Asker: 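After the structure tokens below, expect a handful of questions from me.
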2 protein chains.
Amino acid sequence: MVNMIENRDKSLVKWLGDTSLFVGMEEQYLQELSGIAMVVSYKRRATIFSEGDPGNGFYLVKEGKVKIYMISPDGKEQILHIFGPGDPFGEVAVFASQSFPAHAVALENSRLVFLPRDDFVKLVAANPALALNLLATLSQRLCQFTKMIDALSLKEVPGRLAAHLLYLSKKQVTGDHLQLELSKTQLASLLGTIPETLSRMLSKLQREGLIVIEGASITIVDREGLVDLAEIGKF
Amino acid sequence: MVNMIENRDKSLVKWLGDTSLFVGMEEQYLQELSGIAMVVSYKRRATIFSEGDPGNGFYLVKEGKVKIYMISPDGKEQILHIFGPGDPFGEVAVFASQSFPAHAVALENSRLVFLPRDDFVKLVAANPALALNLLATLSQRLCQFTKMIDALSLKEVPGRLAAHLLYLSKKQVTGDHLQLELSKTQLASLLGTIPETLSRMLSKLQREGLIVIEGASITIVDREGLVDLAEIGKF
DNA sequence: CGATCAGTTGACAATACTCAAATACTGTGG
DNA sequence: CCACAGTATTTGAGTATTGTCAACTGATCG
């Protein structure tokens with residue numbers, strides 16, 4: 001029994017050390033970290049936190065997939081992030097507002113590592129490398145948001161869609177073939193539009209010979225054309 | 001002569017220590033900081049950096065006003081931030097991308113404090129309080145961007161305008177009377193629209209008895225109504 | 001196997017952008 | 001200090017992208 005726990009702890013330490021946030025941290029700190037960490041399970045569709053909830057700590061995705069989103073009074077949703085294994089989320093509440101600025105739900109059955117605020121802040125204060133990793137993470141996220149604002153304000157739906165398809169094709173290594181990693185409804189919400197419009201735009205791109213659609217599987221036929229679309233933002 | 005320089009340095013140290021980023025830092029570190037800092041002047045409309053430029057450091061506004069923005073190929077502009085005295089900008093490039101994700105120009109004749117990347121990173125690594133201040137700053141900015149994405153995606157122009165007017169009236173202490181702190185063209189760009197639309201929406205709010213407009217000076221007549229608009233996002 | 005949900009398509013409405021023109025401002029040089 | 005040039009702001013008319021509502025199909029899940 002003791003053994004099992006030690007094993008579990010050991011593997012958690014190892015896992016934490018492979019995380020982008022904690023990569024390269026000394027064993028000693030990883031031990032401390034794993035000491036204050038709690039692993040929690042969430043079922044598909046379960047709420048992890050809601051906008052305005054007090055942020056007493058933040059999370060790392062261990063297994064599964066998490067969606068961070070906002071919602072308007074009349075129910076329209078805008079996805080901010082989709083996070084997968086290794087990704088941290090909710091740090092903002094730890095360092096600034098004390099309360100979460102958006103909602104989080106599990107998209108699949110997930111296991112998360114929860115790190116409580118106060119203990120974690122102490123660890124950051126004692127560990128410059130960790131602080132710099134955190135600064136890098138937040139900075140990257142700021143860049144992502146910059147691009148999202150750019151897309152929402154300066155591009156139209158076809159442009160955003162084209163940019164997303166190119167992003168997926170770069171991320172996945174399968175050449176001109178790619179998988180939408182989200183249901184089309186969720187993708188619409190990520191791109192700041194609605195399912196009907198997304199559906200029409202996908203058909204349009206196919207009709208104009210830029211892509212071929214087979215369910216969630218897309219083949220890029222005219223990459224040039226997509227790049228043009230993504231840059232200019234219109235037809 | 002030596003005296004003058006000492007005076008200058010001393011006042012820079014003092015000024016840095018009053019900045020939100022460096023508040024509460026020990027004298028010793030402030031001295032170091034002021035040692036690596038350079039004060040630079042920019043004339044109104046001068047470019048400070050452009051998207052993609054290598055980020056060899058970041059800036060603090062000492063005097064003046066700076067606009068951070070993106071621009072689409074066909075010339076439409078989206079303002080991300082307006083920064084004034086005491087505000088830092090360009091940190092993102094220091095900690096993540098190494099290159100600036102947006103453009104920066106001086107809106108007025110300005111004096112900026114430039115802090116070079118490498119020296120500054122060393123200082124952060126040696127100074128946990130500074131690291132935590134930076135984390136708080138970046139986290140707050142992330143929250144602001146979250147709100148901006150929310151506004152762009154989930155609210156229509158009248159809603160964004162109403163939210164901005166309420167924000168100004170909270171920031172300025174003058175009760176129901178407020179000043180737009182930007183030209184209407186610039187405000188349009190901040191709200192993700194164009195001058196024509198902004199002009200029409202201001203008239204509309206006035207026509208419906210929510211505000212009274214006198215140039216750049218606005219009086220809120222029906223605060224309730226504005227709040228409703230800002231929350232729901234539509235008419 | 002029925003029910004709920006995801007996706008698609010059509011007809012329509014509306015918000016916001018484009019283009020154009022008139023008017024009011026601002027700042028600069030003479 | 002005024003005249004002029006270049007901006008900023010406002011208003012009008014028309015267009016377009018995208019959202020709304022509704023109906024229908026097909027998939028998924030108890």
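Naming convention: chains lettered A, B, ... in sequence-line order (proteins, then strands); numbering from 1 in each chain. These numbers come from a predicted model, not from an experiment.
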Asker: Nearest-Å distance, CD (Glu196(A)) to C1' (dC5(C))?
Answerer: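 Roughly 14 Å, once rounded to whole Å.
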Asker: Of the options dG7(C), dC17(C), dG19(D), whose atoms approach the side-chain atoms of Ser183(A) most closely?
Answerer: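 Output: dG7(C).
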Asker: With distance as the sole criterion, do the side chain of Arg200(B) and the base of dT18(C) form a donor-acceptor contact below 3.5 Å?
Answerer: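 Answer is yes: a donor-acceptor pair is held.
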Asker: Could you state the CG-P distance from Leu198(A) to dT20(D), rounded to the nearest angstrom?
Answerer: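 Interatomic distance, CG of Leu198(A) to P of dT20(D): 15 Å.
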Asker: Nearest-Å distance, CZ (Arg45(B)) to C1' (dT28(C))?
Answerer: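 Atom CZ in Arg45(B) sits about 13 Å away from atom C1' in dT28(C).
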Asker: Between atom NZ in Lys184(A) and atom C1' in dC5(C), what is the gap in whole Å?
Answerer: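 Interatomic distance, NZ of Lys184(A) to C1' of dC5(C): 15 Å.
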Asker: Let me know the distance between NZ of Lys43(B) and P of dT28(C), rounded to the nearest Å.
Answerer: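 Between P of dT28(C) and NZ of Lys43(B): 12 Å.
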Asker: Any side-chain N or O of Thr197(A) below 4.0 angstrom from OP1/OP2 of dT18(D)?
Answerer: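 No.
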Asker: Please verify the inter-ring angle class for Tyr167(B) with His164(B); under 30° counts as parallel, over 60° as perpendicular, anything in between as tilted.
Answerer: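 Ring orientation of Tyr167(B) relative to His164(B): tilted.
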Asker: Tell me the interatomic distance from Lys155(B), atom NZ, to dG19(D), atom P, rounded to whole angstroms.
Answerer: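 So the NZ-P distance, Lys155(B) to dG19(D), works out to 17 Å.
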Asker: What is the ring orientation for Phe49(A) with Phe89(A), classed by angle as parallel under 30°, tilted 30 to 60°, or perpendicular over 60°?
Answerer: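 Rings of Phe49(A) and Phe89(A): tilted, as their planes differ by 30° to 60°.
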Asker: Is it true that, when you exclude Lys147(B) itself, more than 12 heavy atoms of the residues, nucleotides or ligands shown sit nearer than 6.0 Å to its NZ?
Answerer: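 No.
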Asker: Can you sort out which residues in residues 63-73 of chain B have a heavy atom within less than 4.0 Å of DNA chain D? Ascending by number, please.
Answerer: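 Nucleic-acid contacts, sorted: none.
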Asker: For the backbone of Gly215(A) and the side chain of Ser217(A), can you confirm whether one donor and one acceptor N or O come within less than 3.5 Å of each other?
Answerer: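 Absent.
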Asker: Is there a donor-acceptor contact under 3.5 Å linking the side chains of His103(A) and Thr47(A)?
Answerer: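 Side chains of His103(A) and Thr47(A): no pair found under 3.5 Å.
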Asker: Once you round it to whole Å, what is the distance between C1' of dC25(C) and CD of Glu214(B)?
Answerer: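 Nearest whole value for this atom pair: 18 Å.
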Asker: Applying salt bridge (Lys or Arg N to Asp or Glu O under 4.0 Å), run through Arg141(A) and Glu91(A) and close with a yes or a no.
Answerer: CA-CA 11 Å; Arg141(A) 209 153 290 169; Glu91(A) 325 88 311; 2.7 Å; yes
Asker: Report the end-to-end axis angle of the helix from dC1(C)-dG30(D) to dG30(C)-dC1(D); each axis comes from five terminal pairs, and the value is rounded to 10°.
Answerer: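 Terminal axis comparison yields 50°.
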Asker: How far does CG of Asn109(B) sit from NZ of Lys43(B), to the nearest 0.5 angstrom?
Answerer: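 Output value for this atom pair is 7.5 Å.
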Asker: Would you call Lys65(B) and Glu181(B) a salt bridge, using N to O less than 4.0 angstrom?
Answerer: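 A salt bridge is absent here (no side-chain N lies under 4.0 Å from a carboxylate O).
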Asker: With the side chain of Thr185(B) defined as its heavy atoms from C-beta on, choose the nearest nucleotide among dT9(C), dT9(D), dT11(D).
Answerer: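 It is dT9(D).
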Asker: For the pair made of CE in Met201(A) and P in dT8(C), what is the distance, rounded to whole Å?
Answerer: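 Value for this atom pair: 14 Å.
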Asker: Parallel, tilted or perpendicular for Phe145(A) and His81(A), by the 30°/60° rule?
Answerer: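 Answer is parallel, since the angle falls under 30°.
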Asker: Let's see if you can work this out: which of dT8(C), dT18(D), dT10(D) has an atom nearest to the side-chain heavy atoms of Glu156(A)?
Answerer: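 For Glu156(A), the side-chain atoms sit closest to dT18(D).
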